[in-house]
Number of protein chains: 2
Amino acid sequence: MPLSINEVKKLLRAKEYKLTPQRQIIMQVFLDIGDQHLSAEDVYQIVKQKHPDIGLATVYRTLDLLSDLEVLRKMDFGDGRSRFELNTAGTHQHHHLICLECGAVEGFDDDLLDGLEQVIAAKSKFKIVDHQLKFYGYCQACRKQEAHD
Amino acid sequence: MPLSINEVKKLLRAKEYKLTPQRQIIMQVFLDIGDQHLSAEDVYQIVKQKHPDIGLATVYRTLDLLSDLEVLRKMDFGDGRSRFELNTAGTHQHHHLICLECGAVEGFDDDLLDGLEQVIAAKSKFKIVDHQLKFYGYCQACRKQEAHD
DNA sequence: TTTGCATTGATATTAATTGCCATTTGCGTT
DNA sequence: AACGCAAATGGCAATTAATATCAATGCAAA
Ligand SMILES: [Zn+2]
Ligand SMILES: [Zn+2]
Ligand SMILES: [Zn+2]
Ligand SMILES: [Zn+2]
């Protein structure tokens, strides 16, 4: 659970990576922005405001690197681009509600599935290490505007 | 639950669509091939063997059309392309195991989540209409070759 | 047969991501 | 402080899935 840049630095060092200024800048975006799901382009636009000389390729590389370190979590909500968020709670407890109307994504943490992995593992030959649960529906704003009930 | 071409024809007719030869050929791939998850390119390659004059665009269009009719189900397993499968059992009961080593995908049907939607809906402001559950791990073949236990 | 309209197939286009490579940077060693 | 070198960067080309475009085709009704 990396809460600070220093903890990220330790994780990088442990795998012989450096905490470059660019990596620090990109990491800071996620530490600042809170509970949001950003695409690579999102991050690029935010970062460019204060650091116009950063490259898009570096953003992609850094997001992948931080995902490998499990500092970030790479997700796909079906809109054709990957999205990234801070991996604070363990992956297992974090799930998503996705609005079919406007695409809004809301995260929530719950461990209701923890027992389920063993049940599934017993029925199959898989060694399960992770899971991902997404709910699709209509958010409150869209429910008010259209008749989705 | 469309088991036959005729049932698909009815569903198409109900929405003013025709069962063209191309659509029938593409649909037949899924009826023949059983429990697999095919990309548009996969379908295109299979279909081209006996019908070399079919176009890739038509494959894409037909897969989208059949997904709209809920004859097929469009899925994403994180390998950068959409995959399609017969939508026999309801979507709600169909889930997937994905091998992190070789990418193999295994489907299984289970209704263990049916009660969960209400629990989540109660905690959030979403009107939930669907969900998707994926498990990640290592398939039997990969477990034998590498030490993943 | 003629007209209208959905469908098709070839091709161009879009958009996210990755690959490539010359240049720069961080950092340990002199 | 200057050096050497691998790692990292930035700009841009290349790739790739998917979509858009559009002329040609085919079917169905009049
Ligand atoms: Zn919404
Ligand atoms: Zn989230
Ligand atoms: Zn495997
Ligand atoms: Zn399946």
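Everything numeric here is computed off the predicted structure, so don't read it as measured data. Here is the naming used below: chain letters follow the sequence lines, and residue numbers restart at 1 for every chain.
- Taking atom CG of B:Leu66 as the reference point, atom P of C:dT7 lies 12 Å away to the nearest angstrom.
- Between A:Tyr17 atom OH and D:dA7 atom C1' there is a gap of 11 Å when expressed in whole angstrom units.
- Rounded to whole Å, atom C1' of D:dA8 lies 14 Å from atom CD1 of A:Ile25.
- Dense packing is recorded around CZ of B:Phe108, with more than 12 heavy atoms of other residues, nucleotides or ligands lying under 6.0 Å away.
- The CD-P distance, from A:Gln24 to C:dG26, rounds to 12 Å in whole Å.
- Counting heavy atoms of neighbouring residues, nucleotides and ligands inside a 6.0 Å radius, atom CD of A:Glu16 does not exceed 12 of them.
- Few gaps surround CZ on B:Phe77; more than 12 heavy atoms of other groups in view lie less than 6.0 Å from it.
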Just the atom pairs and distances: protein N or O near nucleotides 9-17 of chain D's N or O, under 3.5 Å.
residue : atom : partner : partner atom : Å
D:dT9   : OP1  : A:Thr20 : OG1          : 2.5
D:dT9   : O3'  : A:Gln22 : NE2          : 3.0
D:dG10  : OP1  : A:Gln22 : NE2          : 3.2
D:dG10  : OP1  : A:Asp53 : O            : 3.2
D:dG10  : OP2  : A:Gly55 : N            : 3.1
D:dG10  : OP2  : A:Thr58 : OG1          : 2.6
D:dG10  : N7   : A:Arg61 : NH2          : 2.7
D:dG10  : O6   : A:Arg61 : NH1          : 3.3
D:dA17  : OP1  : B:Arg81 : NH2          : 2.6

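- Rounded to whole Å, atom P of C:dT8 lies 13 Å from atom CG of B:Asp64.
- Around NZ of B:Lys134, the count of heavy atoms belonging to other residues, nucleotides or ligands within 6.0 Å exceeds 12.
- B:Ser67 and B:Asp64 form no side-chain donor-acceptor contact under 3.5 Å, judged by distance and modelled atom types alone.
- One can place CG of B:Leu12 at 16 Å from C1' of D:dC27, the figure rounded to the nearest angstrom.
- Distance A:Lys15 NZ to D:dA7 C1': 17 Å, rounded to the nearest Å.
- In this structure, the side chains of B:Ile54 and B:Tyr44 come closer than 4.5 Å at one or more pairs of heavy atoms.
- The nearest whole Å value for the distance from the NZ atom in B:Lys18 to the P atom in D:dT25 is 16 Å.
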